[in-house]
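Here is the structure we will look at, set down as structure tokens.
Whatever order the structure lists them in is the order used to number ligands and atoms, beginning at 1.
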Amino acid sequence: MNYSDYFNPEVETMSEDRLKALQLERLQKTVHHCMNSPFYQKKFQELGITPEDIKTLDDVQKLPFTSKEDLRENYPFGLACVPMKDCVRLHSSSGTTGNPTVVLHTQKDLDEWANAVARCLWMVGSRPEDVFQNSAGYGMFTAGLGFQYGAEKVGMLTVPAAAGNTIRQIKFIKDFGTTVLHAIPSYASRIYEVMKEEGIDPRKDTKLRVLCIGAEPHSEEQRQRIEQNLGVKAYNSYGISEMMGPGVAFECQEQNGLHIWEDYFIVEIIDPVTLKPVPDGQLGELVLTTINREAMPLLRYRTRDLTRILPGECPCGRHHRRLARLQGRSDDMMILKGVNIFPIQIEKILLGFKELNTDYLITLETVDSNDIMTIDVELNQMFTDDYNRLKSLEREITRQLKDEILITPRVRLIPKGSLVVSDEKKAVRVKDLRKLF
Ligand code: ADP
Ligand code: ZN
């Protein structure tokens with residue numbers, strides 16, 4: 001790799017030891033800074049600790065956890081560690097799982113955030129010559145402004161298209177020669193579908209080269225489908241508003257896990273029940289401590305996202321460790337007949353069938369005191385309406401699903417366009433009707 005392959009060569013290729021030293025220095029500074037907030041003063045008192053107790057990186061485990069509940073209980077500004085006059089921006093999470101939470105930023109926080117996103121975009125090969133189009137919602141959703149500022153920092157011509165109005169979106173891609181696109185995966189699939197309807201061949205009629213996809217769980221199969229359909233390389237982008245938004249972890253061109261920027265975060269993977277660290281490489285809940293934030297540092301924030309740390313070095317030369325593809329949130333996990341199932345496991349099987357479209361809905365309900373799972377999945381337009389072929393396809397999908405999730409779902413193949421998908425919101429993959437009774 002050359003120096004020019006990195007946006008921040010010094011930090012990105014910093015040795016593990018130097019990175020750890022930097023982390024400790026920033027962690028110590030952060031815990032002292034946290035004492036500006038009554039919220040953290042109280043938490044530290046309850047645990048009988050002071051900032052001086054943080055002498056090594058492992059001491060992070062002495063610190064209190066924080067969670068979405070803390071943010072909700074102290075809504076809106078209860079976790080601020082600087083005077084409000086120093087804050088210049090407020091964002092909130094999408095509210096996918098309940099009331100939104102508020103995150104405050106100083107100007108320095110925004111600069112650092114833009115720097116992290118720029119690093120990610122550079123890492124996947126974006127350069128000032130590129131045209132970057134952001135098809136994520138602007139406003140409170142962090143993926144809008146988050147990518148905007150990062151892309152500008154790279155020096156690209158940016159098109160703040162925002163989400164929705166897909167025909168116009170495609171017109172921009174063509175007219176402005178967009179080469180790098182950011183969209184959530186369900187919307188990237190939608191853009192392709194509309195291109196097909198409009199008779200546009202993305203490989204011939206557009207200059208699209210790189211796609212950044214994230215903000216919602218998606219399988220490797222989904223990524224490959226997007227790559228094949230649009231003729232691009234698609235990179236997984238992990239963001240969470242409480243940490244800042246996009247730019248937290250991103251795949252490099254090796255596409256083998258997401259580098260998490262360890263000069264911004266201390267990473268822990270814990271068992272969500274015992275709250276103890278899981279052995280290296282095991283699946284658990286991602287817990288992050290911000291070590292580069294002024295307005296609202298978060299200590300040991302429980303993301304509820306499940307992942308694991310991938311072992312080994314990445315050939316790209318970055319020593320920041322890699323997270324495995326995010327499985328989904330702990331609250332996305334469905335428990336059916338005692339079996340734990342993630343929607344992404346189902347998606348993986350469905351997208352192995354080229355006859356199927358990328359939209360699906362899993363419904364859980366109780367019938368005669370039995371929990372049953374129904375999967376409605378859209379067919380591709382191209383596919384046959386030959387009844388026998390459809391039935392045998394249904395049987396084969398059901399068989400493969402049973403192998404993966406250990407229970408037998410009811411699979412319904414439905415015409416393309418039957419499911420309602422939002423252009424602007426994260427896709428809803430599960431409807432649990434059991435909770436109604
Ligand atoms: P909300 O929690 O209300 O959806 P955010 O917009 O902050 O608010 O979304 C962050 C969440 O989105 C993460 O905690 C995670 O569950 C999900 N997410 C973000 N990026 C990815 C990704 N690349 N893969 C899987 N899930 C993701
Ligand atoms: Zn890498």
* **Residue portion contacting ligand 1 (non-hydrogen atoms closer than 4.0 Å) for Lys68** => side chain

* Which of these, Ala215, Gly146, Gly137, has its nearest heavy atom closest to atom 27 (C) of ligand 1? -> Ala215

* Take the angle between the ring planes of His259 and Trp261 and call it parallel below 30°, perpendicular above 60°, tilted in between. => parallel

* Please work out the angle at the Zn ion (ligand 2) defined by atom SG of Cys252 on one side and atom NE2 of His259 on the other, rounded to 10°. => 110°

* To which protein heavy atom is atom 13 (C) of ligand 1 closest, and what is the distance rounded to 0.1 Å? -> Asp305 OD2, 3.2 Å

* Structure fact -> atom 3 (O) of ligand 1 sits nearest the protein heavy atom Gly95 N, 2.7 Å

* Lys416, NZ: over 12 other non-hydrogen atoms inside 6.0 angstrom -> yes

* Under-4.0 Å salt bridge between Glu254 and Arg322 -> no

* Which value, rounded to the nearest 0.5 Å, describes the distance between Ile309 atom CD1 and Glu268 atom CD? -> 10.0 Å

* Asked: So which bit of Asn236 gets within less than 4.0 Å of ligand 1, heavy atoms only: side chain, backbone, both or neither?
  -> side chain

* Asked: Which protein non-hydrogen atom lies closest to atom 1 (P) of ligand 1, naming both residue and atom, and how far is it?
  -> Thr96 OG1, 3.4 Å

* Asked: Honestly, is Arg89 close enough over Tyr149, meaning NZ or CZ under 6.0 Å from the six-membered ring centre and within 45° of the axis?
  -> yes

* To do: Give the numbers and elements of all ligand 1 atoms closer than 4.0 Å to a heavy atom of Tyr238.
  => 19 (C), 20 (N), 21 (C), 23 (N)

* Value rounded to 0.5 Å, distance of CG in Asp111 from OG1 in Thr106 -> 8.0 Å

* Structure fact -> Checking Thr179, Thr178, Asp130 against Arg209 for side-chain hydrogen bond (donor to acceptor under 3.5 Å, both in side chains), the one that qualifies is Asp130

* Structure fact -> CZ of Phe44 to CG of Leu63, rounded to nearest 0.5 Å, is 5.0 Å

* Asp403 atom CG, neighbour heavy-atom count above 12 within 6.0 Å -> yes

* Are more than 12 heavy atoms from other residues, nucleotides or ligands located less than 6.0 Å from atom CD of Gln61? -> yes

* **Glu10 atom CD, neighbour heavy-atom count above 12 within 6.0 Å** => no

* Who gets closest to atom 22 (C) of ligand 1 by heavy atom: Cys212, Ser237, Pro185? -> Ser237

* Asked: How far is atom 24 (N) of ligand 1 from its nearest protein heavy atom, and which residue and atom is that?
  -> Glu216 O, 3.5 Å

* Contacting atoms of ligand 1, where contact means under 4.0 angstrom from a heavy atom of Leu326 -> 24 (N), 25 (C)

* Atoms of ligand 1 close to Ile240 [distance to a heavy atom under 4.0 angstrom, numbered from 1] -> 7 (O), 10 (C), 14 (O)

* Structure fact -> Short version for Lys426: what comes under 4.0 Å of ligand 1, heavy atoms counted, is side chain

* Structure fact -> the protein heavy atom lying closest to atom 8 (O) of ligand 1 turns out to be Ser94 N, 3.2 Å

* For atom 2 (O) of ligand 1, find the nearest protein heavy atom and state the residue, atom name and distance (0.1 Å precision). => Arg329 NH1, 2.9 Å

* Tell me which protein heavy atom sits closest to atom 10 (C) of ligand 1, plus the residue, atom name and distance to 0.1 Å. => Gly239 O, 3.5 Å

* To do: Give yes if a backbone or side-chain nitrogen or oxygen of Ser241 is under 3.5 Å from a nitrogen or oxygen of ligand 1, and no if not.
  => yes

